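All values reported here derive from a predicted model rather than from experimental measurement. To find a chain, count down the sequence lines: A is the first, B the second, and so on, and within it residues start at 1.
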2 protein chains.
Amino acid sequence: MPKLGMEPIRRAALVKATIDEIGAAGSLDVTVSQIAKRAGMSSALAHHYFGGKEQIFLAAMRHTLAVYAAEVRGALAMASDPFERIEAIVRAGFGSSNFRREVIAAWLNFYVLAQQSTEARRLLNTYQKRLHSNLAYNLRPLVGGRADSVAERIGGLIDGLYLREVLGDRTANGNAAAAHVLAVIELEIGQGQ
Amino acid sequence: MPKLGMEPIRRAALVKATIDEIGAAGSLDVTVSQIAKRAGMSSALAHHYFGGKEQIFLAAMRHTLAVYAAEVRGALAMASDPFERIEAIVRAGFGSSNFRREVIAAWLNFYVLAQQSTEARRLLNTYQKRLHSNLAYNLRPLVGGRADSVAERIGGLIDGLYLREVLGDRTANGNAAAAHVLAVIELEIGQGQ
DNA sequence: GGTTTTGTTGATTGACGAGTCAATTAACGA
DNA sequence: TCGTTAATTGACTCGTCAATCAACAAAACC
């Protein structure tokens with residue numbers, strides 16, 4: 001019963017199913033059939049639309065990164081001064097959506113994927129750089145010439161605390177982590193230009 | 001041609017081969033046969049000594065973590081005051097041995113493994129906690145009651161900057177990262193008890 | 001009304017992989 | 001010297017999986 005215009009629907013369903021499946025497995029060790037089944041279609045159709053497993057993964061990665069970028073943009077839009085914007089970036093990073101099982105698994109596995117696929121690495125670098133320049137731009141009024149260097153530290157701190165939260169044995173607590181980051185930012189600002 | 005007492009030799013060879021193979025593949029997607037071949041034996045022997053693939057991985061993880069712990073201990077032994085000891089921990093984390101391809105792949109993949117295997121997660125937590133208490137202990141004379149909280153930040157910063165270095169497009173530069181961490185530590189110390 | 005395009009799948013292919021096992025070899029101990 | 005034990009492997013089982021293909025269905029187009 002082929003309705004036309006299915007392609008975007010199928011693609012979206014497959015991307016979602018891929019992320020969910022990776023989340024359930026905790027690894028990239030998921031089969032095209034599992035993904036297709038979860039998305040309600042045959043594996044042949046998944047191949048038809050994406051060409052192969054690797055491209056399905058890359059699409060899932062693009063989607064995950066795009067969602068994150070959108071969250072950051074949304075948070076930025078509601079902030080009115082540099083400090084608020086920095087705070088928004090930090091809080092977006094530790095928002096509850098980033099602590100959902102599938103999202104955690106996606107990030108960790110995309111780090112691994114970046115080791116194997118140059119395309120995956122490129123995607124990751126693009127988003128990291130975007131985040132860095134967002135931070136640096138808004139830090140400039142606060143710490144002047146040190147902005148770039150401070151942004152590097154803050155960016156690393158966000159990633160590292162996120163990692164520790166999701167790998168820790170306690171349930172992840174984004175608020176405590178965000179508070180840590182903000183504490184360091186205050187210190188850096190107190191240091192002056 | 002069975003020489004006796006081969007077990008420890010075989011086990012060590014398999015652990016080494018596992019890490020190398022993971023490094024070459026960039027993922028845990030390596031076969032027992034590949035590992036065994038690299039270690040110069042049949043896959044049946046690998047199964048004989050380790051029982052299964054998962055246990056081979058866990059042994060490789062234990063080894064990686066143990067090497068790291070030994071590096072930290074070595075660096076600590078040469079330091080004489082709290083600040084030097086903290087510096088030693090930081091520099092050990094960014095030592096050149098941690099930027100070898102296999103070691104990078106090992107860490108990233110062990111993060112993923114920690115999602116699937118409670119034993120892997122336990123191992124990771126143990127080492128993270130050890131590092132945390134090392135930091136906190138030596139920070140106490142410098143920042144007093146804030147030691148625990150500062151140690152949390154510094155630990156996260158180390159992990160995060162390491163991640164950014166190894167995932168970045170440039171060649172990894174541990175020195176710059178270590179300098180960033182030390183800069184934050186100085187800020188925290190300047191803040192007083 | 002017929003042909004092209006789009007959607008869809010079951011069946012198949014060709015390959016690989018984890019784990020088992022029976023059998024072989026050599027050292028060791030009594 | 002002979003049974004016991006450690007070391008070792010080739011061959012095999014049973015399962016899986018990515019990718020392909022032939023074929024069918026329905027909409028759109030002319």
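- The side chain of B/Met41 sits closest to D/dT9 out of C/dG10, D/dT9, D/dA18.
- In this structure, A/Gln34 contributes its side chain and A/Thr31 its backbone to a donor-acceptor pair below 3.5 Å.
- At whole-Å resolution of the value, NZ in A/Lys37 and P in D/dA18 are 14 Å apart.
- In the set C/dG17, D/dT9, C/dT9, C/dT9 carries the atom at the smallest distance from any side-chain atom of A/Ser42.
- Nucleotide D/dA23 holds its P atom 18 Å from the NE2 atom of A/His48, rounded to whole Å.
- For A/Arg10, counting side-chain heavy atoms from C-beta on, the closest listed nucleotide (C/dT8, D/dA18, D/dT20) is C/dT8.
- Listed nucleotides: C/dT8, C/dA18, D/dA18. Nearest to the side chain of A/Met6: C/dT8.
- The distance between atom CD1 of B/Ile35 and atom C1' of C/dG19, rounded to the nearest whole Å, is 14 Å.
- A/Ile56 places its CD1 atom 10 Å from the C1' atom of D/dA18, with the value rounded to the nearest Å.
- The closest side-chain donor-acceptor pair between B/Ser149 and B/Arg153 falls under 3.5 angstrom.
- Annotation: of the two residues near DNA chain D, A/Gly51 and A/Gln34, the 5′-most nearest-nucleotide partner is A/Gln34.
- Counting only N and O atoms by type, the side chains of B/Glu71 and B/Ser97 include a donor and acceptor under 3.5 Å apart.
- Of the candidates D/dA18, C/dT8, C/dC21, C/dT8 carries the atom nearest the A/Leu45 side chain, counting heavy atoms from C-beta on.
- For residues 84-94 of chain A, the side-chain hydrogen bond (donor to acceptor under 3.5 Å, both in side chains) pairs, not counting sequence neighbours, are A/Ser80-A/Glu84, A/Arg85-A/Asn138, A/Glu87-A/Arg91.
- The A/Ala44 side chain lies nearest to D/dT20 when the options are C/dG19, D/dT20, D/dT9.
- The CZ-P distance, from A/Phe50 to D/dT20, rounds to 16 Å in whole Å.
- What separates CD of A/Glu54 from P of D/dC17 is a distance of 19 Å, to the nearest Å.
- The side chain of B/Tyr49 contributes no N or O atom lying less than 4.0 Å from OP1 or OP2 of D/dA6.
- What separates CG of A/Asp29 from P of C/dC16 is a distance of 17 Å, to the nearest Å.
- In this structure, of D/dC17, D/dA6, C/dG7, it is C/dG7 that holds the atom nearest to the side chain of A/Glu7.
- For B/Leu4, whose side chain is taken as the heavy atoms from C-beta onward, the closest listed nucleotide among C/dG17, C/dT9, D/dA6 is D/dA6.
- No donor-acceptor contact under 3.5 angstrom links the side chains of A/Arg130 and A/Thr126, judged on distance only.
- At whole-Å resolution of the value, NE2 in B/His47 and P in D/dA6 are 21 Å apart.
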